[in-house]
Structure formats: C-alpha cells, structure tokens
Amino acid sequence: MTVTALKRPAAAAPAPRPAATVHTIPRPRSGGARLKRVGQAALTHVLPPVLVVAALLGLWQLLLAQGGAALPSPVEIWQQSGDLILQPFYVAGTQDMGLGWRVLTSLERVGIGFGLAAFVGIAIGAVIGQSVWLMRGVDPLFQVLRTVPPLAWLPISLAAFMDSRPSAIFVIFITAIWPVIINTAAGVRAIPQDYRNVAAVLRLSPLEFFWKIMVPAAAPYIFSGLRIGVGLAWLAIVAAEMLTGGVGIGFFIWDAWNSSMLTDIFVALLYIGATGFALDRLVAFIGAKVSRGTTV
Amino acid sequence: MSYLKIDHAGKTFPASGGRENVVLQDVRLDIAKGEFVSVIGHSGCGKSTLLNMIAGLTETTSGGIILEGREVNAPGPDRAVVFQNHSLLPWLSVYDNVKMGVQKVFGRTKTKAERHDWIMQNLDLVQMGHAAHKRPGELSGGMKQRVGIARALAMEPKLLLLDEPFGALDALTRAHLQDAVMEIHARLGNTMIMITHDVDEAVLLADRIVMLTNGPAATVGEVLEVPLARPRDRIRLASHPDYVRAREAVLRFLYERHRFVEAAE
C-alpha cells in the first residue's frame, strides 16, 4: 500500500493500459429497497424489547389484578397516574406540577454537583497521576472514601451548609468525584512514554502538556470515570432529595409515599430510569466524540 | 572544532541492592556539520540510550555532550527525534502533528501563512502532502514514519536523531524510506545520527559507522568511514568493492569480535 503511494509522485504518466473489458457499474439501489432494509433493521432491534416489555407487563397485570394486592397493577397505574405520563410539563401549584419539571430541577442540581465533581476530579486526578508517591499516598484513602454511600454524607453536609440545597449538591459532588479522580489518575499514568518524549523535545510547558497531550491521551479513561460518576450522581440525587425536600423528583417520590399515591411512584421510577439512561448515553456520546482517534 | 562532541560520556543506572548498572562508558565521538553517522550494535548495547542522551531525554551520568559549543542537558527542538514507533499523536491529523512542532519553534518568527506553507513544504518533502488531513490511524506504518520525519524536519533542527526508525517496517517500505532519507540529506544537508541494527542500512546511508561494543559498559569499539560517493544507488552498490568491504568490516565487528552473548543479558 505504501509502496504504490510512494511511487506515484515519481512515476510519470501511467503507461497506457491494454484495452480492458468494460464493467457496468451496478445501478444504485432504489429508494424502496433501502426503506425495506431500514424497516428490517428496526424490526430486528425494536421488536424484541417491545415484546419482552409487553410480556412482563402482562405478567405483572396477571399477578396483581386480583383484589387485595399490596401493589398496583399496570392498568391501575395508567388509570390513576396516566396524566403524569401524558403531561410532563403542567404547572398547577408549588407542589403540583408535571414530572418533567421535577426531573429538570433534579437535573439542575446534578448538573451543578456533577459539573463541579468533573472539574475538580479531573484536576486532582491529573496532579495525582503525575506522581507515583502521591498516588500511593492517596489511593487507600480514596478507595475507602469512594465506598461510603451517598446518604452517609448527607448529615455531614447538612451540618456544614445548614441548608438543604447546597447539601444536596455537595452529596452529588462527593459521590461522583471518586471515580473521576481515580480514572483520570489512571489515564494520566497510562500516557505512553513516547508522548512524554514528544512533549519534552517540543519543550511544552506544563499547561500545554495538560491540554495538548494529557487530556486527549487520557480522554478514554476520563470519560469512563465521568460515565460512572454521572450514574452515581443520579443515584445520589434521588436519595438526597427524599431527605432534603424541595421540588425534585426524589422528593416527589417521598411525597407520594406519604400521601399513599403508590401509582405515582411507579411513574416517577419510569422517569428516573429514562433520565439516568439518557445521562449515561449523553456522557458516552460526548466521550466517543472527544476521544475519537485516541484509542487508535 | 566539531559540531557535536560526545566527550567521555557515560550512563549508569542504579540497580537493585545498591549496585550500579553501567550501560555506556567513556563514549567519545566528534561529528561534523552535515555528516550522516550510523550507530550500530547488538540489541541491548545502549544504542538508544546514547541517542536519548544526545536528545537530552536521558541525562548523562559522566562526561558530557556539546552541540555547537553548548552543553546538552535538556531536550529541545534543535535536536529533533524520529522515534522508533513514530510516536505521532493519534488524536491529531497528520497536519496538526507537524503543526505542533512548527507552532512551538516558529510561533513568533513566521506568520500564520508562512507556517502553513512550511508545514505543507515538509509534508511534501516526505511525499505525504496528500494525507495532510488524515489521522495517523488511517496510515500505513511507512507513511506514519514519513510523517514522523516531516515533523522532525519541520522544527529545522541542528541535529536529526533517528532511533531505529525503520526497524518495524517491511523490507520494501524500508528501502523506500531509506532512499527518502538519503534524498533529504542530500537536499538539506542536515546533520543526522541514525541508530540501526541493520548492517546494509548503516553502510548505505552513513558517512561514518560507529560500532558499539556489547554491554554492559558498552563503548565505541570501532569507527568506519564509508568512502562511497553520493548519491548512492543500492542496486549498483550491491557489488561495489568499497560497499562490500565496508559491509564485511561491520559484519566482522558484530559477529566475530563482539558476538552477541545472550547469557550476559
């Protein structure tokens, strides 16, 4: 492959070829055929999950439709809380609004807490990853702290901030930061010596090294840390809001429990699951975009 | 006075148990401006360590290295390295890989348009202008190494250091790149030092061949002048008496007097 490419500039006009047989180029596929292919792909990818979900809902309905069941059946949920699914963005009072708004409020908290965690975590990880000594020093500490459940931090942060809003954000922050730090440090340590040599020959300043070598080289590691972090952050927000109150989706669940609206809780779970899934995919998508080429 | 002076340079690594591991000892070498020097020796003899010392990537533990009257004690763009495994940054395009060095060296002295022309000129020199916007992952091994050479050349270094640059390439590609390096050397007259373990490569490219003895404590065993006129043509040289003699001398050094003893490793 290389050889032909190398030869090209040197060689003059290509020698006249002997008359070759003429091949007809196949005509492009018609629109109908392409539509059929897309349809088939949709069928193979969409049909299985739809069937499985339908079967599970059916089973659920069958098991809980008898009177006296402690939990609601799918049909009951739809009858009693269907409006929550259909109208995510209505507002009818301070505590009576669509779940879309509540999710957005929670997302705002997660955004602030996770954003801080990402920023601080990458910075700390980048520093720690540079020094074997520091890594050895802090690693046991981080390994212990990262296993502390999010809610265990809540009393401490409530005591420190004396207010529920910053406390919830702090819980997100402290929950999400560990995987970011640990992964960033691992990524920085994994930067090949070759890249460091390149940077040394070019005499890159520490700041240039950070932006031009470290961040892109460690991007796959950093983003897998961010992905774990955002998942944990979303887990933590629901729990934190249950205790701190306010508008978020977590408090909604607590509120619904207190007012015996079990069906509302099921709908809220659906929202939380869908949002967590979307967050995970979003970070993964950004990661794939940013670290394009790094893994080659 | 020589352009590059390697003056009694040595490298010692601390080994376990407080002992020392002497890799290179008392290396003396004077290299003139525009000269092409090949350094050859068995694997593990410290060839790459020597190159890294000249590049400033590894500190010398005794003696010193002086380039144009200044001591080498840190890496810098005046001693560009073509790394064995190309070391292109995979997240940057070919163009941006070269640009990084150009930005650093000519960021103040050349205008943006001049820098662009200079980058393209260097890519064209290694016949990679057509791939400027590809990423390294899309290129073959030989092409990557060409870009590595362009990146090094674009820094307009006083010394071009090549660390077994073609070791990982197939024979045909290697021959093409050797020709390309000879052409560049003829055109630009750079001072080049190339580490190699390929006898033919050493003889074909170099004005002088520096043969290192086996480690530990390797040093310059012999220096051979290659009295072959340039431009050199590998096919015509194959039966040239001077070429054959030089080749034989290197082979004798490597396989008779300094046989590679695996047990010593």
Side-chain angles (χ1 to χ4, degrees), chain A residues 1-14 122 126 130 132-133 184 187-188 190-224 226 285-296, chain B residues 52 55-58 74-93 96-97 100-105 124 126-131 135-146 148 151-152 155 157 161 163 169-170 172-177 179-180 183:
Chain A
M1 195 167 84
T2 322
V3 177
T4 42
L6 296 179
K7 267 293 169 202
R8 203 172 292 137
I122 291 172
Q130 303 272 32
V132 178
W133 190 92
T184 304
V188 169
I191 295 174
Q193 186 59 37
D194 302 330
Y195 299 168
R196 295 183 186 276
N197 284 347
V198 170
V201 168
L202 290 178
R203 285 209 188 120
L204 295 185
S205 69
L207 201 67
E208 283 173 317
F209 181 72
F210 179 79
W211 283 116
K212 291 185 173 173
I213 308 274
M214 203 191 282
V215 169
Y221 287 85
I222 294 175
F223 272 93
S224 70
L226 289 177
F285 176 77
I286 297 170
K289 282 272 168 211
V290 171
S291 53
R292 186 169 57 114
T294 306
T295 43
V296 176
Chain B
N52 283 342
L57 293 168
T58 303
D78 58 337
R79 282 153 288 128
V81 186
V82 177
F83 296 95
Q84 185 170 10
N85 56 350
H86 66 78
S87 295
L88 297 176
L89 303 178
W91 54 88
L92 295 179
S93 69
D96 288 333
N97 263 291
M100 208 162 151
V102 171
Q103 206 82 14
K104 209 59 195 162
V105 178
D124 287 336
V126 295
Q127 295 161 8
M128 287 302 294
H130 63 91
R135 280 169 192 269
E138 301 170 72
L139 304 178
S140 68
M143 289 174 160
K144 283 181 205 163
Q145 206 47 281
R146 279 174 184 268
R151 175 175 66 181
M155 293 185 245
L161 305 170
D163 186 6
L169 304 177
D170 65 275
L172 276 173
T173 312
R174 195 185 308 167
H176 279 287
L177 280 163
D179 290 343
E183 215 181 291

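Each chain gets a letter, A, B and so on, in the order the sequences are listed, and its residues count up from 1.
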Run A/Val198 and B/Arg151 through side-chain contact (heavy atoms from CB on, under 4.5 Å) and show every step you take.
CA-CA 10 Å; A/Val198 170; B/Arg151 175 175 66 181; 3.8 Å; yes
Side chain, backbone, both or neither: which part of B/Leu88 has an atom under 4.5 Å from a heavy atom of chain A?
backbone
For B/Asn52, which atoms come within 4.5 Å of any heavy atom of chain A: side chain, backbone, both, or neither?
neither
If I take atom CD1 from residue A/Ile213 and atom CE from residue B/Met100, how far apart are they, to the nearest 0.5 angstrom?
4.0 Å
Look up atom CD in B/Gln103 and atom CD in A/Glu208, then write down how far apart they are to the nearest 0.5 Å.
9.5 Å
Residue among B/Val105, B/Asn85, B/Asp78 with most heavy-atom pairs under 4.5 Å to chain A:
B/Asn85
Looking at B/Ala175, B/Pro77, B/Ala55, B/Gly101, which has the largest count of heavy-atom pairs under 4.5 Å with chain A?
B/Pro77
Considering all heavy atoms, the nearest B/Arg79-A/Arg203 contact
NH2-NH2, 4.3 Å
Using every non-hydrogen atom in the two residues, find where B/Phe83 and A/Val201 come nearest and quote the distance to one decimal.
CZ-CG2, 4.4 Å
Taking the side chain as C-beta and beyond, is there a heavy-atom pair between B/Leu92 and A/Lys212 under 4.5 Å?
no
